[in-house]
Amino acid sequence: PIPSRFGVVGTSGEPAPAWASEGTEIMRELERWRGLPFTTDLVVEFREPTEGGPAGWYEPETKRLVVTLKGTQRFGRGVMLHEIFHALQDQHFDLSAAHAKVAGDPDAERSLQAVIEGEAMLAVQELMDYDFSRHAKLPPDGELDEARFDKVFHYGQGLQFVLAVRTAKGWDGVGELFAAPPRATSLILFPKRYLTDGAAPEAAEPPARVADPDEEPTAESTLGAQGLRLFVARSPETRPHTADLAAAWRADRLTELRTPQGPVSEWRLTFVDAASATRFASVAPLALAAQAGQPPARVVCDVRGPHVWLRWRK
């Protein structure tokens, strides 16, 4: 039944602020908004903020719910609402189990995190009349704040993705995101692809590696559309290409190699067309220089149709 009989039954840590008494009221608001009841009581732990640290967090493994004493009363209430909503997600969708489904796949892990944070931020936006989009624009100039860039993806693009799914498929469709999490950040960035193709569409393949007996692969990963966005956005000179190259991304594979000349990185990418591959190749050296703080020792970029082979020595 909604509302449930459960509430915030206690606090721990630092002395609770006055607005802590609104915890049970927030739980009722979230139940009505999401249409799901809480299944257990909650305890909120208050902590002094640390410089550069999060304003709050929820730990699915321990059920620990932390809110820091940071900012205004309205900000603190928003953080408490956000973290309490994570507890509601966990009670119904088992966040630890959802994370286990994507473990070991960085692109899928980023995508699931965007679903979790995006839905919680949608709750804050709609229940507190808070517009997150005003924080979501890339600065045109200056050094990129990578932590903020990732936060905007998880909270901002995640919010827009969850909103698109709810609009198309209702709350039942949002619940499906935890049972079968989207496997690629390209789906978060472009929700129509998810709505058309599902959580794990047939993926394009990156170019194959050419085996070399003198080179030993030590690690491999897929960076995905969000990883490509971060790579291109690091340099103000290449930043204007962030959106169009992410839209053109289809597949990638980054391989770290041990060679007689030292460590080498090889990134193989597939784009939607040859023009996009050529455009990426034209900005890659500048983006690499911004990533390393200086030009890499040796950069080789080979374009063949929609495929790109990018190699650099560290």
Side-chain angles (χ1 to χ4, degrees), residues 1-99 113-136 147-148 151-152 154-156 158-159 162-163 166 171 174-175 177-178:
I2 300 173
S4 72
R5 59 183 176 84
F6 298 102
V8 173
V9 297
T11 62
S12 65
E14 299 292 333
W19 44 266
S21 62
E22 301 178 36
T24 297
E25 176 188 335
I26 286 173
M27 290 173 69
R28 298 290 87 80
E29 290 178 17
L30 289 171
E31 287 177 327
R32 289 189 292 268
W33 179 78
R34 185 60 178 85
L36 295 173
F38 282 89
T39 60
T40 187
D41 292 319
L42 300 177
V43 173
V44 180
E45 178 181 341
F46 290 95
R47 284 278 174 258
E48 287 294 337
T50 57
E51 185 175 354
W57 64 92
Y58 173 77
E59 299 172 357
E61 298 81 8
T62 63
K63 315 306 177 189
R64 184 182 179 211
L65 195 161
V66 180
V67 177
T68 68
L69 302 174
K70 178 180 181 180
T72 65
Q73 175 177 332
R74 175 174 165 79
F75 180 81
R77 190 183 193 278
V79 172
M80 187 162 65
L81 186 152
H82 186 102
E83 304 309 332
I84 287 176
F85 186 74
H86 283 324
L88 181 63
Q89 288 174 316
D90 190 31
Q91 289 175 18
H92 285 272
F93 303 115
D94 192 345
L95 297 185
S96 294
H99 280 294
Q113 196 63 26
V115 168
I116 294 170
E117 297 296 352
E119 188 186 16
M121 187 52 68
L122 181 60
V124 174
Q125 177 167 286
E126 295 192 345
L127 291 174
M128 297 191 65
D129 192 26
Y130 173 75
D131 181 11
F132 186 82
S133 65
R134 68 178 185 266
H135 301 291
R148 181 175 177 274
K151 183 176 180 179
V152 167
H154 289 131
Y155 290 71
L159 183 157
V162 172
L163 181 58
R166 188 186 69 177
W171 282 124
V174 176
L177 297 173
F178 297 92

Next on the checklist: Apply side chain to side chain contact (heavy atoms under 4.5 Å, CB included) to residues Met121 and His154 and explain how you reach the verdict.
Outcome noted: CA-CA 9 Å; Met121 187 52 68; His154 289 131; over 6 Å; no
Checklist entry - Could you go step by step and tell me if Leu122 and Phe132 meet the side chain to side chain contact (heavy atoms under 4.5 Å, CB included) rule? => result CA-CA 9 Å; Leu122 181 60; Phe132 186 82; over 6 Å; no
Item to check | side chain to side chain contact (heavy atoms under 4.5 Å, CB included) between Leu159 and Glu126, intermediate numbers included | outcome: CA-CA 11 Å; Leu159 183 157; Glu126 295 192 345; over 6 Å; no
Next on the checklist: side chain to side chain contact (heavy atoms under 4.5 Å, CB included), that's the test. Do Leu127 and Leu30 meet it? Break it down for me.
Outcome noted: CA-CA 8 Å; Leu127 291 174; Leu30 289 171; 3.6 Å; yes
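Not counting sequence neighbours, the partners of Arg47 by the salt bridge (charged side-chain N to carboxylate O under 4.0 Å, His left out) test are Glu45. Scanning for side chain to side chain donor-acceptor pair (under 3.5 Å) contacts around Glu25 gives an empty result, with sequence neighbours left out. Take Tyr58 and apply the ring pair (Phe, Tyr, Trp, His ring centres under 6.0 Å) test, not counting sequence neighbours, and it matches no residue.
A donor-acceptor pair is defined here as one N or O able to donate and one able to accept, closer than 3.5 Å; such a pair exists between the side chain of Asp41 and the backbone of Gly7. Here the side chain of Glu83 pairs no donor or acceptor atom with the backbone of Val67 at under 3.5 angstrom.
Taking the side chain as every heavy atom from C-beta outward, Leu36 and Ile2 never approach each other to under 4.5 Å. Here the side chains of Arg34 and Val174 are in contact, with some heavy-atom distance below 4.5 Å. Side-chain contact between Arg64 and Trp57: present, with at least one pair of heavy atoms (C-beta onward) separated by less than 4.5 Å. By the 4.5 Å heavy-atom criterion applied to side chains, Glu119 and Leu177 are not counted as neighbours. Between Phe6 and Gln91, every side-chain heavy-atom pair lies at or beyond the 4.5 Å cut-off. At a threshold of 4.5 Å between non-hydrogen side-chain atoms, the residues Ile116 and His99 count as touching. You'll find the side chain of Val79 stays beyond 4.5 Å of the side chain of Lys70, heavy atoms only.
Listed here is the closest heavy atom pair of Ile84 and Gly23: CD1-O, 4.0 Å. Minimum interatomic distance between Leu95 and His86 (heavy atoms only, all atoms of both residues): CD1-O, 3.8 Å. Closest approach of Glu14 to Glu48, counting heavy atoms only: CG-N, 3.8 Å. Here the closest non-hydrogen pair linking Ala120 and Phe85 is CA-CD2, 3.5 Å. Nearest approach of Pro37 to Leu88, heavy atoms of both residues: O-CD1, 3.6 Å. Contact between Gln125 and Tyr130 at its shortest, heavy atoms only, is CG-O, 2.8 Å.
Between the CH2 atom in Trp33 and the CD1 atom in Ile26 there is a gap of 13.5 Å [rounded to 0.5 Å]. From Glu29, atom CD reaches atom OG1 of Thr24 across 11.5 Å, with rounding to the nearest 0.5 Å.
For residues 2-12, there are no salt bridge (Lys or Arg N to Asp or Glu O under 4.0 Å) pairs, not counting sequence neighbours. Screening residues 87-98 for salt bridge (Lys or Arg N to Asp or Glu O under 4.0 Å), with sequence neighbours left out, gives Lys63-Asp90. Among residues at least two apart or in separate chains, ring pair (Phe, Tyr, Trp, His ring centres under 6.0 Å) pairs with a member in residues 34-55 are Trp19-Phe46.
The environment of CG in Asp129 is sparse: at most 12 heavy-atom neighbours from other residues, nucleotides or ligands sit within 6.0 Å. Counting heavy-atom neighbours within 6.0 Å of Lys151 NZ, excluding the residue itself, gives a total of 12 or less.
Side chains of Ser4 and Glu31: a donor on one and an acceptor on the other come within 3.5 Å.
Between Phe178 and Phe93, the ring-plane angle classifies as parallel under the 30° and 60° cut-offs.
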